[in-house]
Amino acid sequence: MNSSIKHVIKREYFTRVKSKTFLLTTFLAPIAMVILFGVLGFLLTRGSDEVKNVAVINNAGLNISDIKSKRNITFDYTYTTKEEGLQAYKDKKVNGVIVLPAIDINQEDYDIVYHSDEQLALDESESIRGLYRKRIRNYKITTLGLDENQLKLIDTDISIDPKTVLDKEKEISSI
């Protein structure tokens, strides 16, 4: 290689690598990304500290009166119609109103309606979703006359056991 080409490459390398911009972006960008993801993770997993009293209008016919609270949400079953629940919200007796619509056995999706001027925190909506998901599943199992033990047999774990063909001494692990 020509010495002048080596000289140009060396000069370009050191002017680029030794520049403050290169050093800052090389070292600070990954640190900034870690901090950004840490802050986002913290904000997404942080729930509301406020305890919410929520009226539940059970048009689904689910057996849910035993659920008194979940995390920072207490459930109030004293209101039987959506209008009563909304009036209780307007009178500031409850922080929101959950309306459970009737269940269609053939329907895969189920939309719970939450009435409030304030949005539920992420952990609160996940908590409510999980709570009623189990109840709706059990309701469908009972209504369809399915046996819970037979349903457990439907789910099957699959594993692959690798065996060598030519090299019998070699062991292969399954990942």
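Reckoned from all heavy atoms, side chains included, excluding hydrogens, waters and symmetry mates.
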Interatomic spacing from CD in Gln150 to CG in Leu146 - rounded to 0.5 Å: 8.0 Å
Rounded to the nearest 0.5 angstrom, the CD1-CG distance for Ile112 and Leu131 is 8.5 Å
Heavy atoms from other residues, nucleotides or ligands near CD of Gln119 exceed 12 (cutoff 6.0 Å): no
Can you tell if the side chain of Ser125 reaches within under 4.5 Å of the side chain of Tyr114, non-hydrogen atoms only? no
Hey, any chance Val56 and Val94 share a hydrophobic cluster, counting ILVMFWY side chains that come within less than 4.5 Å of each other, even indirectly? no
Check whether any side-chain N or O of Ser116 sits under 3.5 Å from a backbone N or O of Asn95 as a donor-acceptor pair, and report yes or no. yes
Any side-chain heavy atom of Asp147 within less than 4.5 Å of one from Leu151? no
Return yes if some donor-acceptor pair links the side-chain N/O of Gln87 with the main-chain N/O of Glu83 below 3.5 Å, else return no. no
State, with a plain yes or no, whether a side-chain heavy atom of Ile64 is found less than 4.5 Å away from one of Tyr77. yes
Basic-acidic side-chain contact under 4.0 Å: Lys68, Asp76: no
Donor on one side chain, acceptor on other, Glu124 and Asn72, under 3.5 Å: yes
Give, for atom CD1 of Ile5 and atom CD1 of Ile9, the distance between the pair rounded to the nearest 0.5 Å. 7.0 Å
Please report the C-alpha distance between Val97 and Tyr79 in whole Å, then the side-chain angles of each, then the deciding distance to 0.1 Å, and finally whether the side-chain contact (heavy atoms from CB on, under 4.5 Å) criterion is met. CA-CA 10 Å; Val97 179; Tyr79 307 101; over 6 Å; no
Check whether any side-chain N or O of Arg135 sits under 3.5 Å from a backbone N or O of Asn63 as a donor-acceptor pair, and report yes or no. yes
Flag if over 12 foreign heavy atoms under 6.0 Å of NZ, Lys82: no
Side chain of Asn58, backbone of Leu62: donor and acceptor closer than 3.5 Å? yes
Within a strict 4.5 Å, meaning less than it, do heavy atoms of the Ile98 and Phe75 side chains meet? yes
Spacing of CD1 belonging to Ile128 relative to CZ belonging to Arg133, to within rounding of 0.5 Å: 12.5 Å
Asn53 side chain reached by Lys93 side chain, heavy atoms, under 4.5 Å: no
Any side-chain heavy-atom pair of Thr74 and Val54 under 4.5 Å: no
Would you name the heavy atoms of Pro30 and Thr25 that are closest together and state the gap between them? CD-O, 3.9 Å
Is the shortest side-chain heavy-atom distance between Lys140 and Ile136 below 4.5 Å? yes
Side chain of Tyr89, backbone of Asp117: donor and acceptor closer than 3.5 Å? yes
Would you indicate whether the side-chain heavy atoms of Glu148 and Arg137 approach each other to under 4.5 Å? yes
With side-chain contact (heavy atoms from CB on, under 4.5 Å) as the test, would you mind laying out the steps for Asp104 and Tyr110 before giving the verdict? CA-CA 9 Å; Asp104 179 1; Tyr110 185 76; over 6 Å; no
Could you give me the CA-CA distance, side-chain angles and deciding distance for Ile57 and Asn59, then say whether side-chain contact (heavy atoms from CB on, under 4.5 Å) is met? CA-CA 6 Å; Ile57 312 303; Asn59 296 329; 3.8 Å; yes
Hey, quick one: are Leu144 and Ile141 part of the same hydrophobic cluster, counting side-chain heavy atoms closer than 4.5 Å, chains of contacts allowed? yes
